[in-house]
**Student:** 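Sharing a structure, written as structure tokens. Questions coming.
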Protein chains: 2
Amino acid sequence: MTERKPRKDAARNRQAVLAAADDLFSRCESPEGVTLASIAAAAGVGKGTLFRSFGDRTGLLRALYEARLEPVRKAVESGPAPLGPATPPRQRVLALLDTLLCFKLDNRPLMLALEESGSGSPYQADHYERWHGLLDTMLGQIPGLTDSDFTAHALLAAVRADLVEHLAGHACVPRERMRAQLANFTAGVLGADPVRGLANES
Amino acid sequence: MTERKPRKDAARNRQAVLAAADDLFSRCESPEGVTLASIAAAAGVGKGTLFRSFGDRTGLLRALYEARLEPVRKAVESGPAPLGPATPPRQRVLALLDTLLCFKLDNRPLMLALEESGSGSPYQADHYERWHGLLDTMLGQIPGLTDSDFTAHALLAAVRADLVEHLAGHACVPRERMRAQLANFTAGVLGADPVRGLANES
DNA sequence: TTGCAAAGCGGACCCACGGTCCGTATCGTT
DNA sequence: AACGATACGGACCGTGGGTCCGCTTTGCAA
């Protein structure tokens with residue numbers, strides 16, 4: 001194997017940086033303000049260390065994202081209904097989008113930073129590919145629905161971080177209302193009748 | 001009136017800058033590469049001039065955008081069907097989104113730069129407000145459709161510049177296919193049956 | 001315990017880019 | 001022609017991401 005065990009202090013510093021960044025992001029608005037130097041300072045390490053651990057800004061953001069996303073990923077990959085793999089497609093799509101929305105609501109500054117930094121567009125990040133692929137597959141299993149690929153993109157676009165931020169931050173749309181609107185919209189896209197209880201489908 | 005007629009050379013320089021920027025944007029990929037200094041150089045003026053005319057990068061982008069958008073705006077505000085105001089809502093929504101998509105396809109680098117620069121999110125730009133307001137109104141006139149506000153946001157999100165860029169540039173989805181997919185998707189959102197000829201509705 | 005690479009540290013340094021400033025050139029009016 | 005107002009342009013600045021390299025720490029081994 002190519003694994004070289006990292007030195008103890010290295011591991012500790014990595015954790016410190018992660019923690020500091022996490023903290024700064026949840027504390028401050030406007031991810032612009034969270035500079036790499038400030039993260040390094042908050043973590044009590046030098047900039048060099050930070051870059052060695054994460055490559056660049058995007059790398060750090062991604063690492064943070066992965067860390068926070070872990071439980072969600074688990075739930076989707078092998079959890080119980082309505083998120084887990086044993087759920088019928090319609091409900092699972094609803095559940096997935098709802099989960100994504102909530103996640104972005106709960107991690108606004110980070111998600112904002114991640115999407116806008118991504119050295120270009122968020123569409124190049126492979127975590128996007130993952131969500132898109134999953135959604136695509138699920139949509140493909142819904143009879144009567146065409147263009148699952150594009151539809152997946154469009155649905156994901158409806159929960160983009162900056163839109164969420166705009167609605168939650170500027171328009172002050174409350175969380176539950178947003179969730180309801182998204183569910184309603186999604187149900188419309190999936191065809192059929194707008195779901196009311198979001199859990200009665202064959 | 002507060003209008004002070006600008007000096008002749010000022011006007012000429014403004015045009016030169018606009019032209020140069022237009023050219024650079026349509027020529028180069030990755031709007032990152034189009035720096036203000038390079039625009040100034042290409043226009044044969046100093047950076048100071050550029051900033052005096054447009055305030056900042058976003059101002060320049062916006063000016064360019066407005067200029068290119070002019071015909072579209074006219075067509076929407078007072079043109080003939082299916083874009084003009086006399087069109088029934090369903091068709092007009094379809095037509096508007098299609099138009100927007102085509103516009104972004106035709107102005108990829110510029111739109112990309114505009115959306116990602118906007119000193120924050122594209123949602124703070126007032127041209128976004130305009131499109132959203134219009135769409136919102138139109139959607140409100142479609143019976144049986146709820147949450148027109150959110151729906152308008154979601155539909156606009158489906159034609160965001162970076163998504164369009166991703167599909168057209170990376171995934172190499174041909175123009176007509178994208179238009180068809182978008183039309184299909186939109187029709188789904190509007191309720192009812194997926195339109196086939198996109199022009200048979202009461 | 002001590003010695004000694006290798007791994008890691010950190011902050012001085014670099015560069016690109018957006019944006020400002022002010023001495024100088026041009027306009028256009030009298 | 002002459003003079004104020006207007007605009008020019010490029011030197012200059014601040015900021016923030018990313019790099020470099022001499023010094024410190026670690027952990028293995030004698």
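Everything quoted here is computed from the prediction, not taken from an experiment. Protein chains get the first letters and strands the later ones, always in sequence-line order, with residue 1 at the start of each.
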**Student:** Are B:V72 and B:V76 packed together at the side-chain level, in the sense that at least one heavy-atom pair is separated by less than 4.5 angstrom?
**Tutor:** yes

**Student:** Please state how far atom CG in B:L36 lies from atom C1' in C:dG18, giving the value in whole angstrom units.
**Tutor:** 6 Å

**Student:** Does B:T35 put a side-chain nitrogen or oxygen below 4.0 Å from OP1 or OP2 of C:dA16?
**Tutor:** no

**Student:** Let me know the distance between CZ of A:R14 and P of C:dC9, rounded to the nearest Å.
**Tutor:**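 Whole-Å distance recorded here is 11 Å.
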
**Student:** Starting at CG of B:L60 and ending at P of C:dG18, how long is that distance when rounded to a whole Å?
**Tutor:** 11 Å

**Student:** Going 5' to 3' through nucleotides 23-30 of chain C, assign each nucleotide B (protein heavy atom under 4.0 Å from a base atom), S (under 4.0 Å only from sugar-phosphate atoms) or - (no protein heavy atom that close).
**Tutor:** ---BSS--

**Student:** Can you confirm whether A:E29 is buried at CD, in the sense that more than 12 heavy atoms of other residues, nucleotides or ligands lie under 6.0 Å from that atom?
**Tutor:**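 12 or below, so no.
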
**Student:** CD of B:E116 versus C1' of C:dG18: gap in Å, rounded?
**Tutor:** 15 Å

**Student:** Under 4.0 Å, heavy atom to any atom of DNA chain D: which of residues 16-30 of chain A qualify?
**Tutor:**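 Nucleic-acid contacts, sorted: none.
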
**Student:** Is a donor from one side chain sitting under 3.5 angstrom from an acceptor on the other, for B:N13 and B:S53?
**Tutor:** no

**Student:** Given salt bridge (charged side-chain N to carboxylate O under 4.0 Å, His left out), test A:E70 with A:K74 step by step and report yes or no.
**Tutor:** CA-CA 6 Å; A:E70 185 61 18; A:K74 274 252 180 64; 3.7 Å; yes

**Student:** With side chain to side chain contact (heavy atoms under 4.5 Å, CB included) as the criterion, how do B:K104 and B:E115 come out once you've worked through the C-alpha distance, each side chain's angles and the decisive distance to 0.1 Å?
**Tutor:** CA-CA 11 Å; B:K104 300 210 181 183; B:E115 272 194 14; 3.1 Å; yes

**Student:** For the pair B:Y128 and B:H153, name the ring-plane relationship: parallel under 30°, tilted 30 to 60°, perpendicular over 60°.
**Tutor:** parallel

**Student:** Could you walk me through whether B:D106 and B:R68 satisfy the side chain to side chain contact (heavy atoms under 4.5 Å, CB included) test, starting with their C-alpha distance in whole Å, then the side-chain angles of each, then the deciding distance to 0.1 Å, before giving a yes or no?
**Tutor:** CA-CA 10 Å; B:D106 292 334; B:R68 294 211 196 174; over 6 Å; no

**Student:** Quick one: on DNA chain D, does A:E32 or A:G48 contact a more 5' nucleotide (nearest heavy atom)?
**Tutor:**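 Final value for this comparison: A:E32.
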
**Student:** Can you name the nearest heavy-atom pair linking A:S121 to B:D162, along with the distance?
**Tutor:**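 So the minimum-distance heavy-atom pair works out to CB-CB, 3.9 Å.
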
**Student:** Check this for me, if you would: do A:D149 and B:R177 make a salt bridge, where the nitrogen-to-carboxylate-oxygen distance has to be below 4.0 angstrom?
**Tutor:** no

**Student:** Any carboxylate oxygen within less than 4.0 angstrom of a Lys/Arg side-chain nitrogen, looking at B:D56 and B:R62?
**Tutor:**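 Salt bridge: no.
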
**Student:** Roughly how many Å is it from CZ in B:R52 to P in C:dG18, rounded to a whole number?
**Tutor:**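 Distance check: B:R52 CZ to C:dG18 P gives 18 Å.
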
**Student:** Atom CZ of A:F51 and atom P of C:dG11: how far apart are they, to the nearest Å?
**Tutor:**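 Atom-to-atom, A:F51 to C:dG11, this comes out as 14 Å.
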
**Student:** What range of DNA chain D does chain B touch, first nucleotide to last, counting atoms under 4.0 Å from its heavy atoms?
**Tutor:** D:dA5 to D:dG10

**Student:** In this structure, is the centre-to-centre distance between the rings of B:Y123 and A:H170 below 6.0 Å?
**Tutor:** no

**Student:** Rounded to whole Å, how long is the line connecting atom CG of B:L50 with atom C1' of C:dC21?
**Tutor:**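 Result: 16 Å.
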
